[in-house]
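Residue numbers begin at 1 in each chain, while the letters A, B, ... track the order of the sequences.
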Amino acid sequence: MLDIQFIRDNPELVEEKSQQKNVKVSIKELLRFDEQRRELLGKAEELRQTRNQQAGATKGQRPTDEQIVSAKKLKDSLTKVEDELSKVETHYLKLLKQVPNVALDNVPVGKTEDDNQVAKTVGEPPVFDFKPKSHAVIAEAKGWLDKERAAKVAGSRFAYVKGDLVKLQFAIIQFIMDKLSDQDFIDEVIAENNLEVSNKPFLPVLPPYMIRTELYDAMDRLEPRDDRYKIDDEDLWLQGSAEHVLGSMHAKEVLDEASLPLRYIGYATSFRREAGTYGKDMEGMFRMHQFDKLEMESLGLAEAGYQEHLFLIAIQEKIMDMLEIPYQLIAKCTADIGKPNAAGVDIDAWMPGQDAYRETHTADYMTDYQARRLQTRVRRADGKLELVHSNDATALPLSRGPIAIIENYQTKDGDVQVPKVLQPYMGGKQTI
RNA sequence: GGAGAGGUGCCCGAGCGGUCGAAGGGAACGGUCUUGAAAACCGUCGUGCCAGCAAUGGUACCGUGGGUUCGAAUCCCACCCUCUCCGCCA
């Protein structure tokens, strides 16, 4: 949610920035309700003041009948004003919540994801002396993926993952957890990219996979609800990404300035209904209802927020470099970064089986937009309270990451070479 | 799932219908004392919203949401959470 004061001060800017995100919300209407709200609030507070003064005057003794009659009258008019106020406030809040975060000025303006820009291309797609297969073909031949039985048990877009593919996944998890919690690795990334950020390592976290409606909504990640799994008879949802449960962890807290940034590397299984994607990416395990993910989440000071965003991207790139997977860094345009985002990038990994770069990572910078409703604040050294700035970024998705590995590292025989950095985590195995 | 206890400020904890935003203690911060520190003593010390350039004023908030009342932290109802015991269970 945006700061209403900011909207009052910059109505044209907010209107324009909302349009750039294809979000239709009338700022004029919002401000009209804001004005009404303040007027009614003033009236209500005046009436309450009178009530409080009268109650104070009769302290300790029963008021006279006359006093009670006039107090009842006062109460009636207060109730009226309060009812009206609550109606106006509900509508006001609904509109305010619809206003998207303001994109930073360096975010490309665009109408659809086609307007995203390739910021850079890293690594050369491998050249094969045979026709590269898709991960689905390789994995099926190896007995790594069983979607038929999964369909029997749970339906489409589920899979039993088996054998060496399971081991590969655990190797990746170990590798990333090791690196992100390692001081030398963090120092190296900062130095290589000339970043001015804290050099605090990440804390590994296994979060809950469910989240309450209230907090999901406050994160502004509940919508579109059609893509979320709701738990029957409970006020709970299955999280669609670890950042949903990591970012909400410190809701309603006041953090110490000295404790920031809080950096977490979470591992969680994420769930998506994939509503409206029927028939899309049905092969293999590219688009699943359930997939594991390693996700970074960071809460920090406002002035450090953008550098932190760049830092998380630098880590994403570093990991891809170490895994030696070719990729493109995509500067997402205003229409594609998402409602709570001030900035966002994707990484698309090269997938030889599809002869295309496909999305594997995303990095989101929310400024204080999420923190405002989550009420995650920091007590500054000078005693002031501020909202934190939040950042999240995929460290590596464990469906699409392994897909990229399988397809880029495939051999003529249908085997898959293990990336060097993962070999120590695979018992030294070089090929699977 | 059953029985019980409880949710009050950064923390502990009192209040159980009337200036209560809330005693007391601790922590923190500022000061006095001290060569310095500790101790002691003095002082400061919640947040949101509304109005205001500001000082400040007003209002709301004692788990959440309703209700009773002239008046609710205090009474009633529902829900959420925590703890203890029993049952079940990886």
Rounded to the nearest Å, what distance is computed from the [atom1] atom of residue [X] to the [atom2] atom of nucleotide [N]?
X: A:Gln375; N: B:C61; atom1: CD; atom2: C1'; value: 11 Å
X: A:Glu386; N: B:U47; atom1: CD; atom2: P; value: 13 Å
X: A:Asp256; N: B:C11; atom1: CG; atom2: P; value: 12 Å
X: A:Lys384; N: B:C45; atom1: NZ; atom2: C1'; value: 17 Å
X: A:Leu374; N: B:G48; atom1: CG; atom2: C1'; value: 16 Å
X: A:Leu255; N: B:U47; atom1: CG; atom2: C1'; value: 15 Å
X: A:Asp235; N: B:G65; atom1: CG; atom2: P; value: 14 Å
X: A:Arg38; N: B:G52; atom1: CZ; atom2: C1'; value: 13 Å

How far does the [atom1] atom of [N] sit from the matching atom of [M], given to the nearest Å?
N: B:G17; M: B:G67; atom1: C1'; value: 16 Å
N: B:A72; M: B:U19; atom1: P; value: 11 Å
N: B:U32; M: B:A23; atom1: P; value: 28 Å
N: B:C53; M: B:U47; atom1: P; value: 23 Å
N: B:A54; M: B:C49; atom1: P; value: 14 Å
N: B:C10; M: B:G46; atom1: C1'; value: 9 Å
N: B:A27; M: B:U82; atom1: C1'; value: 24 Å
N: B:A38; M: B:G21; atom1: C1'; value: 35 Å

Problem - Side-chain donor/acceptor of A:Gln49 to base of B:G58, under 3.5 Å - result: no
Nucleotide opposite [N] in a Watson-Crick or G-U pair, distances under 3.5 Å:
N: B:G9; result: none
N: B:A22; result: none
N: B:U44; result: B:A28
N: B:C79; result: B:G63
N: B:C85; result: B:G2
N: B:G17; result: none
N: B:C49; result: B:G58
N: B:U68; result: none

Presence of [X] side-chain N/O under 4.0 Å of [N] phosphate oxygens OP1/OP2:
X: A:Arg372; N: B:G48; value: no
X: A:Arg212; N: B:C79; value: no
X: A:Arg48; N: B:G71; value: no
X: A:Arg51; N: B:A60; value: yes
X: A:Arg377; N: B:G48; value: yes
X: A:Asn52; N: B:U19; value: no

So what does [X] hit on the nucleic acid, given a heavy-atom distance under 4.0 Å: a base, only sugar-phosphate, or nothing?
X: A:Lys72; result: sugar-phosphate
X: A:Leu385; result: sugar-phosphate
X: A:Arg373; result: nothing

Practice task
Assign the ring pair A:His289 / A:Phe158 to parallel, tilted or perpendicular, where the plane angle (0 to 90°) is split at 30° and 60°.
Solution key: tilted
Handout entry: Parallel, tilted or perpendicular: rings of A:Tyr365 and A:His309 (30°, 60°)
Key = parallel
Exercise for the section: Assess A:Arg149 against A:Tyr160: is NZ or CZ under 6.0 Å from the centre of the six-membered ring, and within 45 degrees of the ring's axis? Expected result: no
Handout entry: A:Arg221 NZ/CZ over A:Tyr216 ring centroid, <6.0 Å and within 45° of normal
Key = no
Practice task
Could you work out which one of B:U47, B:C49, B:C70 sits closest to the side chain of A:Glu45?
Solution key: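 So the side chain of A:Glu45 is nearest to B:C49.
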Exercise for the section: Compare the minimum distances between each of B:G71, B:G46, B:C49 and the side chain of A:Lys75, then state the nucleotide with the smallest one. Expected result: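 Given the options B:G71, B:G46, B:C49, the side chain of A:Lys75 is closest to B:G71.
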Completion exercise
Rounded to the nearest 0.5 Å, the CD1 atom of A:Ile330 sits from the OG1 atom of A:Thr362 at a distance of 11.0 Å
Exercise for the section: In plain terms, say whether A:Lys332 and A:Asp115 are close enough for a salt bridge, that is, a side-chain N and a carboxylate O under 4.0 Å apart. Expected result: no
Exercise for the section: Take A:Tyr92 and A:Glu46, find for each the nucleotide of RNA chain B with the closest heavy atom, and name the residue whose nucleotide sits nearer the 5' end. Expected result: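 Its nearest nucleotide lies further toward 5', so the answer is A:Tyr92.
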Handout entry: Most 5' of A:Val254 and A:Gln5 on RNA chain B, judged by nearest nucleotide
Key =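 Final value for this comparison: A:Val254.
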Exercise for the section: Kindly say whether the aromatic ring centers of A:His244 and A:Phe271 come within a distance under 6.0 Å. Expected result: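 No.
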Exercise for the section: Could you tell me whether the side chain of A:Leu396 reaches within less than 4.5 Å of the side chain of A:Leu323, counting heavy atoms only? Expected result: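 With C-beta onward as the side chain, the pair touches.
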